[in-house]
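For reference, the structure discussed in these notes is given below.
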Amino acid sequence: MFIEYTDSNTLAHRLDVRTKVIIFIGVIILAFLFNNPLFNLVLVLLLGVVALLVKIQLKQIFNLIKPLVPVFVLIMLITGFTYTTAGFNLASSKRVLFYLFSGERLGFTLGGFLIGCNFLIRILIMIFVSTILNVTTPIDDFLHLLNKIKVPYEIALIITIGIRFIPTMEKKKNMIFEAQRSRGAKLNNKGILGPIRSYLPIMVPMIINSIIMSNNLSMSMLIRGYGFSREFTSLKELHFTINDYLILLFFTLILVFSFYIRFEMRLGLI
């Protein structure tokens, strides 16, 4: 599932695309700055508030996370059993919660469990911040930004078209899924080859639809004279407003303070 751009008049929607991309990169840096999941949990809560302010339904984000739950559990088990007590700074993190085998073999450490939780919270942060960026930024702004940083227009167009057609293909997949199910297609086959056989009735129409869409797109670009000139223009120019400067200043202060408490105060470690 891919949450696409929604037109609104929130502060995040009005910000320049460069401001949002800088904050996006900064949030990813913050996510990997701390090892303690409690610090990153604060960042998740702040992003959740921002998601509500830009009118994103948290149910949509939870639908993105739901298929990853088995992976989350597996990560916590792996980190809990594989991280030894010698790799932790705090005495509490070196505590072994239980042993998988008798004779105190293969212990499940508290620090390993916390590292697994931190991995999961980092994934949540990346899902939240990427969703907010997609919902608040039209695809034309991304294209304009790529042109500003001197990315070849052909490559920029390929990237933006790919992003633009993800939600379209998602909708077509759901339509084909429901259509095949209404025709009596068995989409819940079991066994090793069962899932492959189940999705053949889905993949064949999807491939055909993709070819038709790409052909229509190429004809539309040809009709509009794409490739006639190497000089490309944009309908609007990117420019910073006072809100952009204030938001960037505020986020820079947060970033500097985070580095201070991490490297000077030695907080956020396990």
Side-chain angles (χ1 to χ4, degrees), residues 1-33 40-68 120-151 153 155-172 174 232-256 258:
M1 183 178 177
F2 184 90
I3 304 178
E4 57 185 324
Y5 170 75
T6 55
D7 190 15
S8 185
N9 194 34
T10 65
L11 175 61
H13 284 79
R14 297 194 300 270
L15 291 177
D16 189 275
V17 62
R18 292 168 291 184
T19 301
K20 287 181 275 191
V21 170
I22 292 172
I23 294 176
F24 173 83
I25 296 173
V27 169
I28 299 300
I29 293 174
L30 287 176
F32 287 88
L33 191 61
N40 282 334
L41 187 60
V42 174
L43 185 56
V44 170
L45 295 177
L46 291 176
L47 290 174
V49 173
V50 175
L52 293 176
L53 292 176
V54 298
K55 302 177 181 178
I56 299 175
Q57 295 182 1
L58 296 182
K59 182 180 178 181
Q60 294 177 297
I61 298 180
F62 292 147
N63 289 334
L64 294 175
I65 300 170
K66 191 184 301 182
L68 300 175
L120 308 187
I121 294 175
R122 284 172 179 170
I123 294 174
L124 293 179
I125 290 172
M126 288 186 281
I127 291 175
F128 266 98
V129 71
S130 59
T131 301
I132 293 171
L133 180 64
N134 290 330
V135 168
T136 59
T137 311
I139 200 68
D140 291 341
D141 287 356
F142 285 117
L143 180 61
H144 199 175
L145 174 63
L146 292 173
N147 290 331
K148 283 288 186 180
I149 60 178
K150 305 303 180 182
V151 175
Y153 193 83
I155 297 177
L157 193 64
I158 291 172
I159 294 173
T160 51
I161 288 176
I163 296 174
R164 170 61 184 84
F165 274 91
I166 290 176
T168 302
M169 297 306 298
E170 176 74 18
K171 293 176 183 177
K172 284 190 174 292
N174 293 334
F232 298 98
T233 59
S234 179
L235 183 62
K236 62 178 182 179
E237 289 294 329
L238 299 179
H239 62 278
F240 285 110
T241 63
I242 186 64
N243 289 331
D244 291 286
Y245 290 114
L246 292 175
I247 294 293
L248 286 175
L249 177 61
F250 178 70
F251 186 76
T252 301
L253 294 176
I254 293 178
L255 202 60
V256 171
S258 299

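Hydrogens, waters and symmetry mates are skipped; everything else that's a heavy atom, side chains included, is used.
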Check: [Y] and [X] side chains under 4.5 Å, non-hydrogen atoms:
X	Y	value
Leu11	Ile247	yes
Ile132	Phe24	no
His144	Val17	no
Phe251	Leu30	yes
Ile23	Thr19	yes
Leu145	Thr137	no

Would you name the heavy atoms of [X] and [Y] that are closest together and state the gap between them?
X	Y	result
Ala156	Val151	N-CG1, 4.1 Å
Arg122	Ala31	NE-O, 2.9 Å
Val54	Ala12	CG1-CB, 3.5 Å
Asn9	Arg14	O-NH1, 2.5 Å

With rounding to the nearest 0.5 Å, note down the distance linking [atom1] in [X] to [atom2] in [Y].
X	Y	atom1	atom2	answer
Ser130	Ile125	OG	CD1	11.5 Å
Phe32	Met126	CZ	CE	4.5 Å
Thr6	His13	OG1	NE2	4.0 Å
Leu124	Ile61	CG	CD1	9.5 Å
Phe128	Ile65	CZ	CD1	5.5 Å
Leu45	Asn40	CG	CG	11.0 Å

If we ignore angles and hydrogens, is there a donor and acceptor under 3.5 Å between the side chains of Asp244 and Thr241?
-> yes
Is the backbone of Thr136 close enough, under 3.5 Å, to the side chain of Lys20 for a donor and an acceptor to pair up by distance?
->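 Here the side-chain-to-backbone pair exists.
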Show your reasoning for whether side-chain contact (heavy atoms from CB on, under 4.5 Å) applies to Tyr5 and Asp140.
-> CA-CA 11 Å; Tyr5 170 75; Asp140 291 341; over 6 Å; no
Given the rule in the side-chain contact (heavy atoms from CB on, under 4.5 Å) test, do Val27 and Leu43 qualify, once you have shown the distances and angles that lead to the verdict?
-> CA-CA 8 Å; Val27 169; Leu43 185 56; 4.1 Å; yes
State whether the number of non-hydrogen atoms from other residues, nucleotides or ligands found under 6.0 Å of Phe250 atom CZ is greater than 12.
->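 No, the 6.0 Å shell around CZ holds no more than 12 heavy atoms from other groups.
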